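Reading through the structure tokens given below for one structure.
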Amino acid sequence: MKKEKKMTLTLPIEEHIGAGNLACQGCGANLALRYVLKALGQRTILCIPACCWAVIDGGFPHSCADVPIYHCAFETAASTATGVKAGLDMIGDKETTVMAWAGDGGTFDIGLQALSGAAERNDDIIYACYDNEAYMNTGIQRSSATPSGAWTTTTPVKFPKDQPKKDIDAIMAAHNIPYLATASTSYPEDLFKKAKKAKEIRGTKFLHIYAPCPTGWKSRPEDTVKLGRMVVQNGIFPLYEVEGGEKYTQTIKVKDKKPIDDYLKLQGRFRHLKPEGIAMLQDEVDRRYARLLKKFENK
Amino acid sequence: MSIKKDKKKIVFESEKDMPTMPMSLGSMLWNKTGSWRNIRPEIKLEDCIQCGICWKFCPDMSVEIENEWPVINYDYCKGCGICAEECPVKCIAMVEERR
């Protein structure tokens, strides 16, 4: 072996979720929680509604996580977290972080009213949504996070999804919560920094984490990290943070925005798209990105 | 690795053995997910530059760091191939699993 060199790690080495979990090969959601827990540390309570992570954690009486997990009903992630936080306040515990960890179905569709309520009350919780763009846990059904044109079992190739993805970040920014950030699992240092920042701020914090899903997107498991990077570089999912609903800051700057073709080609769910369909998607992405750029410039 | 170290699967003989509350009692380490694998990663340590990227992007916490070098835990590696894809010097090869 060659000369000894010190290994430089960009993240802390402590793990708070263990091996042996039930995630698929190359799961993005698994990566997402791994990084977030590295930032939040051991004193964290998770509230998980029905989503992939309810399964990944393992069956009773086993759990792969080192932190306590409260499995709650699908629509109640935010309100359960609020309740747990209120309980901790009653016993005088100010240090423990409470995080609701929901998938995109539990955030965009089913859990939206609970999340909106918690944001309106400005309860001191972190709400993290790992977005894999469909109900992956129950077998790839369309959610309102699914981008238009994508294949799912409920939007087959013959009847594709016409509606674009719901802009949850704009909805949450309109609640004027103290902190909101988008993150991707392929930029772990950025995600780590945002989770650390969210831990320090009082009030409702919203993290929107892009988590590629090889099973549902029909992509190769080894492309998980590549997809998460491409989606930022081509402007589909820009990484930014919003403070107080006003101050927009782009954290990962994109120099030259790439076309979305390469991103679509890696995924089986977009295989049926014709060139005009791709052009339509590109147009939609450009419009959304331009709208965001205006907000970044205004500051 | 996480702080939970117990590798035994907990089995209840009867309802009386169960805890009064549905709470977690052990880790998932009994579940050797290495059996899911068709291809296995092999690190050529001569070419390794110790960047830690394989450790950083492993979704299953199966790349461990021992004495500043990456070591793959084949008990739990699911064989997704992210480490081989992301390695900047391509010193990780995915080879056919032999059993």
Side-chain angles (χ1 to χ4, degrees), chain A residues 1-11 13-35 37-38 42 56-71 185-186 188-189 192 211-212 214 220-226 228-229, chain B residues 1-12 17-19 22-34 36-39 41 45-53 55-62 64-65 67-70 73 75-86 94:
Chain A
M1 213 169 278
K2 65 182 176 187
K3 61 183 190 307
E4 285 295 310
K5 193 184 125 197
K6 195 101 167 86
M7 205 166 195
T8 47
L9 299 177
T10 47
L11 297 171
I13 196 152
E14 294 89 38
E15 304 284 357
H16 299 291
I17 48 175
N21 56 52
L22 301 175
C24 307
Q25 292 170 318
C27 177
N30 209 351
L31 274 177
L33 189 58
R34 184 180 169 218
Y35 300 140
L37 280 185
K38 270 176 196 286
Q42 193 69 46
I56 295 172
D57 182 45
F60 171 76
H62 305 93
S63 163
C64 73
D66 290 345
V67 297
I69 294 183
Y70 192 125
H71 288 279
T185 51
S186 305
E189 291 84 8
F192 180 82
R220 299 186 310 161
E222 58 260 47
D223 286 339
T224 297
V225 174
K226 205 193 273 175
R229 200 173 291 133
Chain B
M1 285 302 277
S2 64
I3 53 168
K4 282 184 187 167
K5 293 274 187 266
D6 47 328
K7 292 196 181 177
K8 246 183 92 195
K9 186 177 181 180
I10 298 163
V11 183
F12 298 121
D17 300 341
M18 286 188 165
M23 55 192 280
S24 104
L25 299 171
S27 76
M28 284 294 287
L29 290 175
W30 59 270
N31 183 23
K32 296 268 161 70
T33 47
W36 299 11
R37 191 171 63 225
N38 288 327
I39 44 174
L45 285 179
E46 295 89 71
D47 299 341
C48 177
I49 55 164
Q50 293 173 292
C51 60
I53 284 180
W55 166 81
K56 190 166 78 179
F57 284 128
C58 180
D60 298 302
M61 288 60 75
S62 301
E64 290 162 12
I65 291 172
N67 306 325
E68 312 281 323
W69 293 94
N73 186 343
D75 279 352
Y76 300 105
C77 169
K78 291 172 188 165
C80 63
I82 289 180
C83 48
E85 187 79 16
E86 293 302 316
M94 298 304 288

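Order of the sequence lines sets the chain letters (A, B, ...), proteins ahead of strands, with each chain counted from 1. What you are looking at is a predicted structure, and each value in this text was computed from that prediction instead of being measured.
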Self-check item: Contacting moiety of B/K56, where chain A heavy atoms sit under 4.5 Å
Solution: both

Quiz item: Which atom names give the shortest non-hydrogen contact between B/W55 and A/I13, and what distance separates them?
Solution: CZ2-CA, 3.8 Å

Quiz prompt | Rounded distance (nearest 0.5 Å) linking atom SG of B/C51 with atom CE of A/M7 | solution = 6.5 Å

Exercise. Measure A/K226 against the heavy atoms of chain B and call it side chain, backbone, both or neither at under 4.5 Å.
Key: both

Practice problem: Count the heavy-atom pairs under 4.5 Å between each of B/C83, B/C77, B/G52, B/C58 and chain A, then report the option with the highest count. | Solution: B/C58

Quiz item: If you count heavy-atom pairs under 4.5 Å with chain B, which of A/A29, A/P68, A/G26 comes out on top?
Solution: A/G26

Quiz item: Crowded around A/Y70 OH? As in, over 12 foreign heavy atoms under 6.0 Å?
Solution: no

Practice problem: Specify which of A/C27, A/G59, A/P188 makes the most heavy-atom pairs with chain B at under 4.5 Å. | Solution: A/P188

Practice problem: Look up atom OG in B/S27 and atom CG in A/N21, then write down how far apart they are to the nearest 0.5 Å. | Solution: 11.0 Å

Quiz item: What closest approach, in Å, do B/Y76 and A/A19 show between heavy atoms, and which atom pair accounts for it?
Solution: CG-CB, 3.5 Å

Self-check item: Residue B/W30 versus chain A: region with a heavy atom under 4.5 Å
Solution: side chain

Practice problem: Would you mind checking which part of A/T185 comes under 4.5 Å of any heavy atom in chain B, side chain (CB onward), backbone (N, CA, C, O), both or neither? | Solution: backbone

Quiz prompt | Among A/R220, A/E222, A/Q25, the one residue meeting side chain to side chain contact (heavy atoms under 4.5 Å, CB included) with B/C80 | solution = A/Q25

Self-check item: Qualifying residues under salt bridge (charged side-chain N to carboxylate O under 4.0 Å, His left out), relative to B/R37, sequence neighbours excluded
Solution: B/E97

Self-check item: Expected output: side-chain A/H62 to main-chain B/K9 donor-acceptor under 3.5 Å
Solution: no

Quiz item: Pick one: which of A/T224, A/D223, A/V225 meets side chain to side chain contact (heavy atoms under 4.5 Å, CB included) with B/E85?
Solution: A/D223

Exercise. List for me each residue that meets side-chain contact (heavy atoms from CB on, under 4.5 Å) alongside B/I39, sequence neighbours excluded, and say none if there are none.
Key: B/M94

Quiz prompt | Atom pair SG/NZ of A/C24 and B/K78 - distance to nearest 0.5 Å | solution = 7.5 Å

Practice problem: Name the member of A/D57, A/N30, A/T8, A/T10 that forms the most heavy-atom pairs with chain B at distances under 4.5 Å. | Solution: A/N30

Exercise. Could you tell me which of B/E86, B/M23, B/K32 has the largest number of non-hydrogen atom pairs under 4.5 Å with chain A?
Key: B/E86

Quiz prompt | A/L22, part contacting chain B, at a heavy-atom distance under 4.5 Å | solution = both

Practice problem: Pick one of side chain, backbone, both or neither for B/I65, based on which atoms fall under 4.5 Å of a heavy atom in chain A. | Solution: side chain

